[in-house]
Amino acid sequence: MDFFKLETKRLIIRPMSAIDLEDFHQYVSDNEVTKYMYSLSRKDEYPKENSFIYIQLVQNEWKKEDPNFFEFGIELKENNKMIGNICVFFSENKKEAEFGWIFNPKFHKKGFAFEAAKKIINFIQFEYKIKKIVAHCDERNIASSNLMQRLGFVLYKRNLYRKYPLTGEESTEAEYILKNQL
């Protein structure tokens, strides 16, 4: 997609780009923010170069005719600051999608994640005719679990095994499914 943009009252939802490097790295390099993120949970420092490489990866994915995932940058309209991102991974047959999100903690508990995720859910259901949307989280991640429930997801499975690849930490995860898709 050459140009893509969704809007809500307070947000612009668009592909991430190189201009987002500073904002993105600010929260993705915070180990407290990423402690429940499967592929980002770590014990050591997260180099800015890794953030740059990731942004390049997602930019290339947006350019594909048939992308495997979308990484949406969530930008505040009032100041053009990227405050978080939401990823949607598609199944091979493009009938299912998995949601994931990360937001700068300075913007938690203000409804931004809910506002952006709701808009993206509506978009992928309408544009891509997705039949099933799921989301997973570490069972200790109460904030993420609460957001899923506010979005209309219901607990589908619990006590699933999770082992974080960068730390080796083991935990349990929950799988949620969008309620109207059960």
Side-chain angles (χ1 to χ4, degrees), residues 1-28 33-34 37-40 51-137 141 143-154 176-181:
M1 290 186 183
D2 289 332
F3 183 77
F4 175 90
K5 183 168 76 169
L6 296 173
E7 291 190 44
T8 68
K9 182 178 178 182
R10 303 180 295 169
L11 304 170
I12 296 172
I13 302 165
R14 53 155 178 82
M16 290 176 64
S17 71
I19 64 167
D20 299 320
L21 180 60
E22 293 300 323
D23 291 338
F24 177 68
H25 189 70
Q26 182 180 9
Y27 56 88
V28 81
V33 172
T34 61
M37 303 282 302
Y38 180 76
S39 60
L40 288 174
S51 293
F52 178 75
I53 290 167
Y54 186 73
I55 289 173
Q56 285 182 316
L57 172 80
V58 300
Q59 284 181 302
N60 290 336
E61 195 67 27
W62 273 98
K63 293 175 185 174
K64 292 180 179 177
E65 190 172 316
D66 189 25
N68 294 316
F69 69 93
F70 289 135
E71 186 78 51
F72 296 93
I74 311 304
E75 177 184 313
L76 281 177
K77 281 183 177 179
E78 69 183 44
N79 62 9
N80 301 104
K81 180 175 182 60
M82 192 176 85
I83 61 169
N85 46 296
I86 295 178
C87 191
V88 178
F89 289 94
F90 296 107
S91 64
E92 247 182 81
N93 64 10
K94 301 287 194 275
K95 293 186 187 308
E96 298 179 13
E98 181 173 354
F99 257 63
W101 46 75
I102 183 171
F103 276 76
N104 184 320
K106 294 177 184 174
F107 300 94
H108 287 180
K109 299 183 180 182
K110 297 179 184 338
F112 294 123
F114 177 84
E115 187 175 325
K118 201 70 166 165
K119 186 75 171 183
I120 294 168
I121 287 169
N122 290 337
F123 168 75
I124 66 168
Q125 284 182 316
F126 180 75
E127 290 293 323
Y128 289 87
K129 310 297 186 228
I130 297 296
K131 303 289 184 223
K132 180 180 177 185
I133 301 174
V134 299
H136 293 88
C137 72
N141 190 346
S144 194
S145 175
N146 288 342
L147 176 58
M148 289 179 209
Q149 292 173 50
R150 283 188 57 226
L151 287 165
F153 286 83
V154 293
Y176 289 79
I177 186 168
L178 201 56
K179 190 185 302 182
N180 63 358
Q181 298 173 336

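In this chain, numbering begins with 1 at the start of the sequence shown.
Annotation: side chain of Lys81 is in contact with side chain of Gln26 (closest heavy-atom distance under 4.5 Å). Side-chain contact between Val28 and Tyr54 is absent, with no heavy-atom pair separated by less than 4.5 Å. Within the 4.5 Å cutoff, the side chain of Ile124 has heavy atoms near those of the Phe99 side chain. Taking the side chain as every heavy atom from C-beta outward, Leu21 and Ser51 approach each other to under 4.5 Å. For the pair Leu151 and Lys118, the minimum side-chain heavy-atom distance is below 4.5 Å.
Minimum interatomic distance between Glu98 and Ala135 (heavy atoms only, all atoms of both residues): CG-CA, 4.4 Å. The minimum heavy-atom distance linking Ala97 with Val88 is given by the pair CB-CG1, 3.7 Å.
The pair Lys9-Glu115 does not meet the salt-bridge criterion, since no charged nitrogen lies less than 4.0 angstrom from a carboxylate oxygen.
Under a cut-off of 6.0 angstrom, the local environment of NZ in Lys77 is crowded, with over 12 non-hydrogen atoms contributed by other residues, nucleotides or ligands. Shown here is Glu127, whose CD atom has more than 12 heavy atoms of other residues, nucleotides or ligands within 6.0 Å. Counted within 6.0 Å of NZ on Lys129, heavy atoms from surrounding residues, nucleotides or ligands total more than 12; the atom is thus considered enclosed.
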- prompt: Given the rule in the side chain to side chain contact (heavy atoms under 4.5 Å, CB included) test, do Asn68 and Lys94 qualify, once you have shown the distances and angles that lead to the verdict?
  reply: CA-CA 8 Å; Asn68 294 316; Lys94 301 287 194 275; 3.9 Å; yes

- request: Check step by step if side chain to side chain contact (heavy atoms under 4.5 Å, CB included) holds for Phe103 and Val33.
  value: CA-CA 8 Å; Phe103 276 76; Val33 172; over 6 Å; no

message: For Ile133 and Phe153: C-alpha separation, side-chain torsions, deciding distance, then whether side chain to side chain contact (heavy atoms under 4.5 Å, CB included) applies.
response: CA-CA 9 Å; Ile133 301 174; Phe153 286 83; 3.7 Å; yes

- prompt: Should Leu11 and Ile83 be marked as a side chain to side chain contact (heavy atoms under 4.5 Å, CB included) after you check the CA-CA gap, both sets of side-chain angles, and the distance that decides it?
  reply: CA-CA 10 Å; Leu11 304 170; Ile83 61 169; 4.2 Å; yes

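A donor-acceptor pair is defined here as one N or O able to donate and one able to accept, closer than 3.5 Å; such a pair exists between the side chain of Trp62 and the backbone of Glu71. Under the 3.5 Å distance criterion, the side-chain polar atoms of Asp20 are matched with a main-chain donor or acceptor of Ser17.
None of Lys64, Gln59, Lys63 except one satisfies the side chain to side chain donor-acceptor pair (under 3.5 Å) rule with Glu61; the exception is Lys64. Exactly one of Asn85, Thr34, Asn104 qualifies for a side chain to side chain donor-acceptor pair (under 3.5 Å) with Tyr27. That residue is Asn85.
Rounded to the nearest 0.5 angstrom, Met16 CE and Glu75 CD are separated by 12.0 Å. Atoms CD1 and CZ, from Ile74 and Arg10 in turn, are 12.0 Å apart once rounded to the nearest 0.5 Å. If you take CZ on Phe69 and CG on Leu57, they are separated by 4.5 Å, rounding to the nearest 0.5 Å. We find the CD1-CZ distance between Ile121 and Phe114 to be 8.5 Å, quoted to the nearest 0.5 Å. Atom CD1 of Ile86 is separated from atom NZ of Lys119 by 13.0 Å, given to the nearest 0.5 angstrom. Ile130 CD1 to Glu96 CD: the interatomic distance, rounded to the nearest 0.5 Å, is 8.5 Å.
Note: Phe4 and Phe72 meet the aromatic proximity criterion, with ring centroids under 6.0 Å apart. Checked against the 6.0 Å centroid threshold, Phe90 and Tyr128 count as a close aromatic pair.
The side chain to side chain donor-acceptor pair (under 3.5 Å) search around Asn93 returns Ser91, not counting sequence neighbours.
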